[in-house]
Protein chains: 2
Amino acid sequence: MDKFGMYAKFTAKPGVRDQLVGILLEAAAGAESDPGCELYVVNVSETEPDTVWVTEVWSNAEAHEASLQDDTTRAMIQRAMPLNAGVESIPIRPVGGKGIK
Amino acid sequence: MDKFGMYAKFTAKPGVRDQLVGILLEAAAGAESDPGCELYVVNVSETEPDTVWVTEVWSNAEAHEASLQDDTTRAMIQRAMPLNAGVESIPIRPVGGKGIK
């Protein structure tokens, strides 16, 4: 089955980028125990001061969907929401390489 | 030292995307033995038929720079070049998460 991936772009409201990064790192820590999550890497933009990018790779779309139903994930999203001015994502299909299964 | 990362976007000339993917997967296989390379994941866009995205994470900028001096990498770039209509990249600084050190 195809893997599922995205580059999720979060634009933080002014001054709260690092707070948002903290929440996303908590989400990443939670993903450590999810075998369906292969990558959840939190990055800051080198060019846009309020931008945070998350690189996500999941075993398949169902694994990602299931994670969104998780109570801890939902609580995390609720906390992150007020810090965001905007969220968009680039949908990608991981085909191989170093760092994924 | 800060990690170094990017989302590299390759726009293949019409009809040769999969050939380009093949070369990038060879590059990824070469990166397996490079301890400075933490991630080199090859993805195709789900929305743009000629677009290939590579997710790169390196231990630091020097590790990335050194890889570009490598003869095998240079030969791979030479082979990929004629297949590309354009290359751009989104520079990011990985701060943590699942799948990197």
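Scope of the values below: all heavy atoms of this structure, side chains included, with no hydrogens, waters or symmetry mates. Within every chain, numbering begins at 1; the chains are lettered A, B, ... in the order of the sequence lines, protein sequences first and strands thereafter.
Of the atoms belonging to A29(B), not a single heavy atom falls under 4.5 Å from chain A. For L25(A), the part lying under 4.5 angstrom from a heavy atom of chain B is the side chain only. Heavy-atom distances place no part of V52(A) under 4.5 Å from chain B, backbone and side chain included. There is no contact between L24(A) and chain B, counting heavy-atom distances below 4.5 Å.
Hydrophobic clustering keeps W53(B) apart from V21(B) (ILVMFWY residues linked when any side-chain heavy atoms are closer than 4.5 Å, directly or through intermediates). Under the 4.5 Å side-chain contact rule for hydrophobic residues, L68(B) and F10(B) share a cluster. Both V42(B) and I23(B) sit in one connected hydrophobic cluster of ILVMFWY residues. Membership requires side-chain heavy atoms under 4.5 Å apart, directly or through other members. Each of M1(B) and W58(B) belongs to its own hydrophobic cluster when Ile, Leu, Val, Met, Phe, Trp and Tyr are linked at side-chain heavy-atom distances under 4.5 angstrom. Hydrophobic clustering (ILVMFWY, side-chain heavy atoms < 4.5 Å, transitive): M76(B) and V95(A) are in one cluster.
Between P94(A) and N43(B), the shortest heavy-atom distance links the atoms CA-OD1, 3.2 Å. Taking both residues in full, the closest heavy atoms of K98(B) and A28(A) are given as N-CB, 4.0 Å, listed atom of the first, atom of the second, then distance.
When S45(A), A27(A), G96(A), G99(A) are compared by the number of non-hydrogen pairs under 4.5 Å with chain B, G96(A) comes out ahead.
Here the side chains of V44(B) and I92(A) are not in contact, with every heavy-atom distance at 4.5 Å or above. Using a 4.5 Å heavy-atom threshold, the side chains of T55(A) and Y7(B) count as touching.
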